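Comments concern the structure below.
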Amino acid sequence: MAAFQHAVSLGYLYLETDVHLTIDGVLLAFHDEVLDRVTDRTGSISQTSYAEVQAALIGGRERVPTLSQLFEAFPCARFNIDIKSPGAGPALADFIAARGAWDRVLVGSFSRRRLVEFRRITDRRVATSAHPLEVAAYVLSPTAWLARLLTRNGPDALQIPHRHKRITLATRGLIRRAHANGIQVHVWTIDEPTEMLELLDRGVDGLMTDRTDILSDVLRSRGQWEEPS
């Protein structure tokens, strides 16, 4: 929660998180499948109750926040949410519907199955990013028309790394094809100012970063930052 609060205090209104589902059906804003790496407890989240997760501390001081806590703590924020585990997609769809939060989220997943399932459950009322096959269509297609045909107008955004191995994915051509189809391009995870400037100059619509302080300074230098009111 401290990390989200820090970002909001800087003026960010778009926050990114992953979600996992506890064994008793609580959506957690957490990246890993297990507690082991960043908390003082162990165990798979999918096999752990919410009460047990609440006993785990990140860095010895922070509890794992729920998605509900984030929505309540930051009512003006919008969320980019990555579905990380089986079962989290239907639970997330119910969560969004219960709050009428259709326009507060963009949902993605590396799993094509989970993302297709989520689109079906929500009847496409929620914006979604591209799954890997849709990204491949935009990377490999020579024209925006062919990319749109291959993806059947599926994604609202492409969320991609700048490079994969030795291949640059976030090229001017890909960005141009996406924009021609009304699709935004968001690039992750960019922490160096020179790379931020390079991608912004290339025309990307969003950057995901662990260095929110650096990105805000870069955007200020370009006159692209709105100070918090």
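Side-chain atoms are counted along with the backbone in the values below, which use heavy atoms only and exclude waters and symmetry mates. Nothing fancy with the numbering, it's 1 onward along the sequence. As the structure is a prediction and not an experimental result, all values here were calculated from the model.
Residue pairs satisfying the salt bridge (charged side-chain N to carboxylate O under 4.0 Å, His left out) criterion with at least one member in residues 37-47, sequence neighbours excluded, are listed as follows: Asp32-Arg37. For the ring-ring contact (aromatic ring centres under 6.0 Å, His included) condition, the pairs that include at least one residue of residues 6-41, sequence neighbours left out, are Tyr12-Trp225. Residues in residues 50-71 take part in no salt bridge (charged side-chain N to carboxylate O under 4.0 Å, His left out) pair, two or more places apart or across chains.
For Phe74, the ring-ring contact (aromatic ring centres under 6.0 Å, His included) test picks out no residue, with sequence neighbours left out. In this view, Ala101 and Phe71, Ile96, Arg99, Arg104 satisfy the side chain to side chain contact (heavy atoms under 4.5 Å, CB included) rule, not counting sequence neighbours. Applying the side chain to side chain contact (heavy atoms under 4.5 Å, CB included) criterion to Ala29, with sequence neighbours excluded, gives Thr17, Pro65, Leu70. Residues passing the salt bridge (charged side-chain N to carboxylate O under 4.0 Å, His left out) test with Asp201, sequence neighbours excluded: Arg222. Taking the side chain to side chain contact (heavy atoms under 4.5 Å, CB included) definition, one finds that Asp217 meets it with Arg220, sequence neighbours left out. Residues forming a salt bridge (charged side-chain N to carboxylate O under 4.0 Å, His left out) with Arg148 (at least two apart in sequence, or on another chain): none. With sequence neighbours left out, Arg211 forms a salt bridge (charged side-chain N to carboxylate O under 4.0 Å, His left out) with Asp213. Residues that satisfy the salt bridge (charged side-chain N to carboxylate O under 4.0 Å, His left out) test with Arg112, not counting sequence neighbours, are absent from this structure.
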Show me, pair by pair, the donor-acceptor contacts under 3.5 angstrom made by side chains of residues 163-171, not counting sequence neighbours?
residue	atom	partner	partner atom	Å
Thr171	OG1	Leu174	N	3.0

